[in-house]
Amino acid sequence: MKANDSKRKVLVTGGTGYIGSHACLSLHEAGFEPVLIDNLCNSSRRVLPRLQELSGQSFTFYEGDIRDRELLRSIFAAHQPWAVMHFAGLKAVGESVAEPERYHANNVEGTESLLQAMAEAGVQRLVFSSSATVYGDPDLVPIAESAPRRTTNPYGQNKLDIEHMLERLAAADERWRIACLRYFNPAGAHASGRLGEDPNGIPNNLMPYISQVAVGRRPQLDVFGDDYDTPDGTGVRDYIHVMDLVEGHVAALEHLQQANGFIPVNLGTGAGLSVLELRAAFAAASGQDIPYRIQPRRPGDIAASWADPSRAKALLGWQAKRNVRELCADAWRWQHNNPQGYDSE
Ligand code: NAD
Ligand code: UDP
């Protein structure tokens, strides 16, 4: 038997995506063997050789959709994974408003299909990518897991529907062990500069937009609103380094050895940064000028959101280690070395 055969396998849905690809490395480093499935609707096959280069291993990859039940059945039969990390999903809020049915079919029905395949295969450990979007416009910051859940857009509704589905499942059958991780604002890249965020088209999120201005792909940053009730008037968020985030997933997976039920946990740093503060930090880390102009507020945006991360520390023994300087330096290394993302070479 090869040494690898004894490793615990983890099925990673959305494994070639931004967070999933970093998670594969973190799983590998922790002694798990990731098996990837992705339909490549928002990622590139070119991630795979980079994962191999960084890990020294070639991970098994299935190109396919999580709604393809036959495919899922065959993957579970072939690999008998110990657990599933479920990242696959569509995530653009604006697009979800324009195409709510597509979002529901992909995100909610896709998750139903995955859960059914897991139940059939007797795999009942799951780490799910939820989002701080389930807190809507919070009454209080920092936000604890006990805060009321509400949403203002179809993407957020998908996450909420899935959370409810997972709660029902765990309540009905105590063998389910489900870590429901509510991410704040994932950003940054692997320190090697070989893996990072590579959005299609115009980035919706602040960090990739700033990076593309810094590298000269876009002329300036539009700052959406400077009249919020925040110290400098611009929106405040909790930017968490993607490597901290995925290490939180591995900690959650390990926690599932001893815990069952539905376990919601915030993954954030506990500190908020404004749009202008993040821009300044990125300019300092990259040495690039980042011109900007103030534009009207973006519809649906909230003033401020940052995590109370104390539950993650108490339960998982995890907390974010990397600061904003490191986050910007790593994001810049990735953007600078790969100005066109994975299409750069
Ligand atoms: P991503 O788009 O880079 O990765 C998602 C991956 O899932 C993509 O590679 C895509 O091709 C794949 N995919 C989508 N639908 C699929 C399907 N039906 N079958 C198979 N593969 C499918 O996004 P990401 O930033 O890595 O996000 C991963 C997860 O984390 C998503 O569920 C997202 O909603 C959640 N999340 C992300 C953020 C963020 O800011 N990036 C914040 C909170 C939550
Ligand atoms: N933002 C901005 N310009 C952009 C993108 C985002 O000013 O091009 C602001 C946005 O209004 C919010 C913050 O940056 O205050 C984070 O936005 P993002 O979309 O990255 O995350 P989310 O709003 O989903 O937390």
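Predicted model only: the values in this text are computed from it and were never measured. Values reported hereafter were calculated over all heavy atoms of this structure, with side chains retained and with hydrogens, waters and symmetry mates removed. Each ligand, and each atom within it, is numbered from 1 in the order the structure gives.
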Keeping the roles fixed (side chain from H164, backbone from L160), state whether a donor-acceptor pair exists under 3.5 Å. yes
Could you check atom 33 (C) of ligand 1 against the protein and tell me its nearest heavy-atom contact, residue, atom and distance included? Y155 OH, 3.6 Å
Identify which of L206, T234, T133, D226 has a heavy atom lying nearest to atom 20 (O) of ligand 2. L206
Please tell me whether M85 and F262 are part of a single hydrophobic cluster in this structure, the criterion being side-chain heavy atoms less than 4.5 Å apart. no
State, with a plain yes or no, whether a side-chain heavy atom of E254 is found less than 4.5 Å away from one of V250. yes
No-hydrogen, no-angle side-chain donor-acceptor test under 3.5 Å, S26 and H249: no
Please answer: with hydrophobic residues joined when any side-chain heavy atoms are less than 4.5 Å apart, are I143 and L267 in the same cluster? no
Give the atom numbers and elements of ligand 2 that come within less than 4.0 Å of a heavy atom of N205. 18 (P), 19 (O), 20 (O), 21 (O)
Would you say Y183 and S129 are linked by a side-chain donor-acceptor pair, where the criterion is simply a distance under 3.5 Å? yes
Under 4.0 Å, heavy-atom basis, I'd like to know which part of D301 is in contact with ligand 2: side chain, backbone, both or neither. side chain
Give the residue, atom name and distance (to 0.1 Å) of the protein heavy atom nearest atom 3 (O) of ligand 1. Y18 N, 2.8 Å
Find all atoms of ligand 1 within a distance of less than 4.0 Å from any non-hydrogen atom belonging to D65, and give their numbers and elements. 17 (C), 18 (N), 19 (N), 20 (C)
What one should report as the nearest heavy-atom pair of L195 and W334 is C-CE3, 3.5 Å
Nearest-neighbour protein heavy atom for atom 29 (C) of ligand 1, which is reported as residue plus atom name and distance: F87 O, 3.2 Å
Would you say that R218 contacts I202 through its side chain, given a criterion of any heavy-atom pair below 4.5 Å between the two side chains? yes
We want to know whether R125 and N260 form a side-chain donor-acceptor pair, criterion being a heavy-atom distance below 3.5 angstrom. no
Which of the listed options, A132, A187, A88, C41, holds the heavy atom that is closest to atom 7 (O) of ligand 1? A88
Protein residue, atom and distance nearest to atom 9 (C) of ligand 2, heavy-atom basis: V275 CG2, 3.7 Å
Under 4.0 Å from any heavy atom of L40, which atoms of ligand 1 are there? 11 (O)
closest protein heavy atom to atom 19 (O) of ligand 2 is R298 NH2, 2.7 Å
In terms of residue, atom name and distance, what is the protein heavy atom nearest to atom 25 (O) of ligand 1? K91 NZ, 2.7 Å
Region of D222 engaging ligand 2 - heavy atom pairs below 4.0 Å: backbone
pair H22-I19: side-chain heavy atoms closer than 4.5 Å: no
OG on S96 to NZ on K91, rounded to 0.5 Å: 13.0 Å
Quick one: does I66 get within less than 4.0 Å of ligand 1, heavy atoms only? yes
Is R325 atom CZ crowded by more than 12 heavy atoms from other residues, nucleotides or ligands, each under 6.0 Å away? no
Which segment of I37 sits under 4.0 Å of ligand 1 when only heavy atoms are counted: neither
Return the closest protein heavy atom for atom 15 (N) of ligand 1 as residue, atom name and distance. N106 ND2, 3.0 Å
Which of the atoms in ligand 2, numbered in the order shown and given with their element, are less than 4.0 Å from a heavy-atom of N204? 5 (C), 19 (O)
Judged by heavy atoms only, the candidate from P186, G17, S129 nearest atom 38 (C) of ligand 1 is P186
Once the angle between the rings of H86 and F128 is folded into 0 to 90°, is it parallel (under 30°), tilted (30 to 60°) or perpendicular (over 60°)? tilted
Do me a favour and list the nearest non-hydrogen protein atom to atom 10 (C) of ligand 1 with residue, atom name and distance? D38 OD1, 3.3 Å
Side chains of N153 and Q157: donor-acceptor distance under 3.5 Å anywhere? no
Using a 4.0 Å heavy-atom cut-off, say whether S130 meets ligand 1 through its side chain, its backbone, both or neither. backbone
Protein contact of atom 5 (C) of ligand 1 - nearest heavy atom, named by residue and atom, plus distance: G89 O, 3.8 Å
Option whose closest heavy atom lies nearest to atom 4 (C) of ligand 2, chosen from Y209, F224, Y155, Y228: F224
Enumerated ligand 2 atoms positioned under 4.0 Å from heavy atoms of V223: 7 (O)
Side chains of N266 and D308: is there a donor and an acceptor less than 3.5 Å apart? no
For ligand 1, is any non-hydrogen atom under 4.0 Å from K159's backbone (N, CA, C, O), its side chain (CB onward), both, or neither? side chain
Find out if a path of hydrophobic residues (ILVMFWY) with successive side-chain heavy-atom gaps under 4.5 Å connects L140 to Y228. no
At a 4.0 Å threshold, what atoms of ligand 1 neighbour a non-hydrogen atom of G14? 6 (C), 7 (O)
Please confirm whether Y239 comes under 4.0 Å of ligand 2, counting heavy atoms of the residue only. yes
Considering the heavy atoms of S43, write down every atom of ligand 1 situated less than 4.0 Å from one of them. 8 (C), 9 (O), 11 (O)
Counting heavy atoms only, which of N39, I19, N200 is nearest atom 37 (C) of ligand 1? I19
Of all the atoms in ligand 1, which lie at a distance below 4.0 Å from a heavy atom belonging to S131? 43 (C), 44 (C)
Below 4.5 Å, heavy atoms only, C-beta onward: do H241 and D330 meet side chain to side chain? yes
The protein heavy atom nearest to atom 12 (C) of ligand 2 is R237 NH2, 3.6 Å
Within 4.0 Å of some non-hydrogen atom of N185, the atoms of ligand 2 are 21 (O), 22 (P), 25 (O)
Just to confirm my output: which protein heavy-atom neighbour is closest to atom 2 (O) of ligand 1, and how far is it? N42 ND2, 2.7 Å
Have Y62 and N39 got a donor and an acceptor in their side chains that come within less than 3.5 Å? no
